Trainee: 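First, the structure itself, so that you have it in front of you.
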There are 2 protein chains.
Amino acid sequence: MSKAPVTIKDIARLLGISKSTVSRALSGNADVNPDTKRKVLELARKLDYQPNVVAVSLKQQRTNTLGVIIPETVNRFFAKAVGGIQKMANLAGFNVIICQSDESYVTEKKNLQALVSSRVDGLLVSVSRETDRYDHFEAVISKSIPLVFFDRIVEGLEASQVYSDNYEVTKEATHHLIAQGCQRIAFVAGPQHLYNSRNRLRGYLDALKESNIPVRDNYIIQSQYKLDKTDEYTRHLLKMKERPDAVFAINDYAALEMMHAIKKAGLRVPDDIAILGFNNENICRFVEPALSSIDHPAYDMGAAAAEILLNQVRNESIEPVRRLIQSRLVVRESTHRLKR
Amino acid sequence: MSKAPVTIKDIARLLGISKSTVSRALSGNADVNPDTKRKVLELARKLDYQPNVVAVSLKQQRTNTLGVIIPETVNRFFAKAVGGIQKMANLAGFNVIICQSDESYVTEKKNLQALVSSRVDGLLVSVSRETDRYDHFEAVISKSIPLVFFDRIVEGLEASQVYSDNYEVTKEATHHLIAQGCQRIAFVAGPQHLYNSRNRLRGYLDALKESNIPVRDNYIIQSQYKLDKTDEYTRHLLKMKERPDAVFAINDYAALEMMHAIKKAGLRVPDDIAILGFNNENICRFVEPALSSIDHPAYDMGAAAAEILLNQVRNESIEPVRRLIQSRLVVRESTHRLKR
DNA sequence: GTGAAAGCGCTAACAA
DNA sequence: TTGTTAGCGCTTTCAC
């Protein structure tokens, strides 16, 4: 039912000129008789002519489009990062296609192929939790398609990386808990094939070591892949003989869920158990006690990644770049113990 | 620097056959000598051939792509709706391009033009808060591009709509507050040119009317466009001579912020002031008191909208459809008063 | 300043 | 079963 869209051919026919002239008039970067140009622009506007970017893309061998793969849009961190990406891309006149891997390697690989097939000019990727092999990225790199990882980065590939200092900030946060008098600090760790999860765990362990606090394996909880087991962890932790006096949660929502359970169990936060979140969602400020957390500038990471990618796309030089974006510890009530 | 991607021409040359044969072998829906076919597929895999969908799109005059315009990805409601859209689209072999209007009419219009220029096969739109005229949508409709509005719908256009019963559920929720003994119910209303905001306000007003509770204008707060004035509203409400005994917030985050301020002011929720949110975020369950809210099935709305659109795209019939998705009131502690 | 023609990668009607 | 050809909408070289 769809009417055929207006093309330069239509305009040319109606004006009795050739389509090359119409093209030139429309693009504006070639000499065209001002009078002809005016007529063309007028008619184009009147017919609501929209250039067919599909045709332009085919001709130019570039789509002015960036492909993005993130684990999930409902994850606020990535939603914000996408905001930064889109901002930068649009400023540069680029479109953005967003795919979700749903934390699945298989889906991530399919997304990648779809984006390559769509001939995006470059790729921005935050890998899925499940991804522990990188053949699909290697294929992209061998095609010389510019690729920038952000946040959930992959090491050892010829690709740029925008990442935050998970190691440093986690170490700092652990020291902060220790300074509050906490000695039995539980830590919920993510999958260890992920760069970020590894660094967080390292930061935690090194902080303990630096403070001569023995590491106890049963305080380290290995979070599962997909299932949300926060409920289970919490019960497990509360039942321990030597109950932890602090918990480093895997994110803010898990922290709040834990806090809820702890309070239900008749314990006080932070005096019995201090809680630390991850991501510094808005909501941290509005709960009681207000939740301490670690702030990652998601928007900035997305923007930085897009900036690097756009540079590579335009310069045709894809020399890998590494950019660190600073995270920071935000101390609120949930980890602020009054000194005794 | 980017290497030229492998094309069917390359495969044809390497195999000493014509590119039409390669095309046929690859597409699989034409008679090709099984032996030739095998050779083609083998070489294609070996060279990691990815069909150029740009060329296919130009040829076929359809892109197998849906365009989506939402106000913001950081809004969880839309993030979830996008999840539903992508699921349906991918099942049907369609890609999705997502644009954010940032709640701006101008950006929305630009997004729309970009998507039309990209020759998407259909459009899914939730209008920006600022949008109060619809010329840009009319232009799309006059081009016979299938268009489905979801959640933030527009009335009076030849387009399909997927919406939730804001009127009914708001009325029900208001009656619930009244049943709890609330008589002075404050209501934070959204911009009245928006269909949803209008219906919510209507629901609230009609409930009061049905219960013979006089409407008091100063209990109705007109929320501003962009600025988050929750802080200001709350102080204003708390300072009133006849302080409200219930507040209908504009969303869950605003509700939590209000709850926080109310508690800080030494008042109890729900006994002094009951609070009702909107959207039923996960977090509602983990705050104290747990927040009553209204649940909108965002994912389902997105999925339903995509389903309708895909139908129209495939059938070439764009007879507008209206689909209602049920919302529901979720009562928790923040509006549950013990009867005296 | 303008037009004719070629070609981007692919599909499909037609011919062989 | 296969090859030839035309053409999707656009840009760009070349010639005038």
Side-chain angles (χ1 to χ4, degrees), chain A residues 2-41 43-44 47-65 93 114 116-121 143, chain B residues 2-41 43-44 47-65 93 114 116-121 143:
Chain A
S2 208
K3 289 174 210 162
V6 180
T7 70
I8 52 169
K9 212 165 133 185
D10 298 324
I11 297 180
R13 189 172 28 79
L14 257 37
L15 254 34
I17 59 180
S18 80
K19 62 196 175 90
S20 358
T21 304
V22 176
S23 171
R24 285 189 272 251
L26 254 19
S27 74
N29 40 13
D31 282 338
V32 179
N33 182 316
D35 207 51
T36 326
K37 185 168 177 177
R38 195 183 39 72
K39 276 193 221 152
V40 169
L41 294 179
L43 186 56
L47 299 178
D48 194 19
Y49 167 78
Q50 307 282 357
N52 185 333
V53 304
V54 177
V56 176
S57 295
L58 180 61
K59 177 68 190 174
Q60 313 284 40
Q61 298 285 75
R62 84 205 297 284
T63 52
N64 276 286
T65 300
V116 170
S117 242
S118 295
R119 296 295 188 269
V120 295
D121 297 329
K143 291 189 164 69
Chain B
S2 207
K3 290 173 208 161
V6 180
T7 70
I8 52 170
K9 211 165 136 187
D10 298 323
I11 297 180
R13 189 172 28 77
L14 257 38
L15 254 36
I17 59 180
S18 81
K19 62 195 176 90
S20 6
T21 304
V22 176
S23 171
R24 282 188 277 251
L26 255 18
S27 75
N29 41 12
D31 284 338
V32 179
N33 183 316
D35 207 52
T36 328
K37 184 168 178 177
R38 193 184 40 72
K39 277 193 221 152
V40 169
L41 294 180
L43 186 56
L47 300 178
D48 193 20
Y49 167 77
Q50 306 283 357
N52 185 333
V53 303
V54 177
V56 177
S57 294
L58 180 61
K59 176 69 189 174
Q60 312 284 36
Q61 298 285 75
R62 83 205 298 284
T63 52
N64 276 286
T65 300
V116 169
S117 241
S118 294
R119 296 295 188 267
V120 295
D121 296 329
K143 290 188 165 69

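Chain identifiers are assigned alphabetically (A, B, ...) following the order of the sequence lines, protein sequences preceding nucleic acid strands; residue numbering begins at 1 within each chain. A quick note: this is a predicted structure, and the numbers were derived from the prediction, not measured.
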Trainee: Output the distance between atom OG1 (A:T7) and atom CG (A:N52), rounded to the nearest 0.5 Å.
Mentor: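 Going from the OG1 atom of A:T7 to the CG atom of A:N52 covers 9.0 Å.
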
Trainee: Determine yes or no for a side-chain-to-main-chain donor-acceptor pair under 3.5 angstrom, with B:S117 supplying the side chain and A:P51 the backbone.
Mentor: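 Here the side-chain-to-backbone pair exists.
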
Trainee: Considering heavy-atom distances to DNA chain D, does A:L58 or B:T36 have its closest nucleotide positioned more toward the 5' end?
Mentor: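 The answer here is B:T36.
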
Trainee: Reckon A:D31 touches a base, only the sugar-phosphate, or nothing at all at heavy-atom distances under 4.0 Å?
Mentor: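 Counting heavy atoms under 4.0 Å across all strands, the contact made by A:D31 includes a base.
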
Trainee: I want to check something: taking the side chain as every heavy atom from C-beta on, are B:L43 and B:Y49 in contact at a cut-off of under 4.5 Å?
Mentor: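 B:L43 does not reach B:Y49 side chain to side chain.
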
Trainee: Could you give the NZ-to-P distance, from B:K37 to D:dT2, as a whole number of Å?
Mentor: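 Answer to the nearest Å: 11 Å.
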
Trainee: Could you check whether B:P5 gets within reach of a base, just the sugar-phosphate, or nothing at all, counting any heavy atom under 4.0 Å?
Mentor: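 Since no nucleic acid heavy atom lies under 4.0 Å of B:P5, the category is nothing.
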
Trainee: Roughly how far apart are A:L58 CG and B:K59 NZ, rounded to 0.5 Å?
Mentor: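 Here the interatomic distance stands at 12.0 Å.
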
Trainee: Quick check on contacts: within residues 6-18 of chain A, what sits under 4.0 Å from DNA chain C by heavy-atom distance?
Mentor: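 Of all residues in residues 6-18 of chain A, the ones placing a heavy atom under 4.0 Å from DNA chain C are A:I17, A:S18.
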
Trainee: Any base atoms under 4.0 Å from B:S27, or only sugar-phosphate, or nothing? Heavy atoms, all strands.
Mentor: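 Counting heavy atoms under 4.0 Å across all strands, no contact is made by B:S27.
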
Trainee: Can you measure from CZ (B:R38) to CG (B:N33) and round to the nearest 0.5 angstrom?
Mentor: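 Reported value, rounded in 0.5 Å steps: 9.5 Å.
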
Trainee: Looking at side-chain heavy atoms only, is the closest gap between A:V40 and A:I17 below 4.5 Å?
Mentor: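 They are in side-chain contact.
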
Trainee: List the steps, then state whether side-chain contact (heavy atoms from CB on, under 4.5 Å) holds for A:L15 with A:T21.
Mentor: CA-CA 11 Å; A:L15 254 34; A:T21 304; over 6 Å; no

Trainee: With a 4.0 Å limit, can you tell me whether A:Q61 has a side-chain N or O closer than that to the phosphate oxygens OP1/OP2 of C:dG7?
Mentor: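 For C:dG7, neither OP1 nor OP2 has a side-chain N or O of A:Q61 closer than 4.0 Å.
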
Trainee: In whole angstrom, what separates A:L26's CG from D:dC10's P?
Mentor: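 Checked: the CG to P distance equals 9 Å.
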
Trainee: Could you go through the side-chain contact (heavy atoms from CB on, under 4.5 Å) check for A:Q50 and B:R119 one step at a time?
Mentor: CA-CA 9 Å; A:Q50 307 282 357; B:R119 296 295 188 267; 4.1 Å; yes

Trainee: Please check this pair: side chain of A:S118 against backbone of A:V120, looking for a donor-acceptor N/O pair closer than 3.5 Å.
Mentor: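 Here the side-chain-to-backbone pair does not exist.
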
Trainee: Write down the atom of B:V32, the atom of B:A25, and the distance for their closest heavy-atom approach.
Mentor: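 Answer, listing the atom of B:V32 first, then B:A25: CG2-N, 3.8 Å.
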
Trainee: Report which part of the nucleic acid B:S57 touches: base, sugar-phosphate, or nothing (heavy-atom distance under 4.0 Å, all strands).
Mentor: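 Counting heavy atoms under 4.0 Å across all strands, no contact is made by B:S57.
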
Trainee: Reckon B:T21 has a side-chain N or O less than 4.0 Å from the OP1 or OP2 of D:dG3?
Mentor: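 Yes.
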
Trainee: Name the pairs: protein N/O against N/O of nucleotides 12-16 of chain D, kept only if under 3.5 Å.
Mentor:
none

Trainee: Should B:K143 and A:D48 count as side-chain neighbours, where that means a heavy-atom distance under 4.5 Å?
Mentor: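 Result yes, sub-4.5 Å side-chain heavy-atom pair found.
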
Trainee: Strictly distance-based, threshold 3.5 Å: is any side-chain N or O of B:S57 a donor or acceptor partner for the main-chain N or O of B:V53?
Mentor: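 Yes; judged by distance alone, with no hydrogens or angles, the pair exists.
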
Trainee: Reckon B:Y49 has a side-chain N or O less than 4.0 Å from the OP1 or OP2 of C:dC10?
Mentor: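 Answer yes for this pair, as a side-chain N or O of B:Y49 is under 4.0 Å from OP1 or OP2.
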
Trainee: How bent is the helix from C:dG1-D:dC16 to C:dA16-D:dT1, comparing axes over its five end pairs at each side, to the nearest 10°?
Mentor: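 Roughly 50° between the end axes, to the nearest 10°.
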
Trainee: Between C:dG1, C:dC10, C:dG9, which nucleotide gets closest to the side-chain atoms of A:N33?
Mentor: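 It is C:dG1.
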
Trainee: Starting from P on C:dC8, measure out to CG on B:N52 and report it in whole angstrom.
Mentor: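 Interatomic distance, CG of B:N52 to P of C:dC8: 12 Å.
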
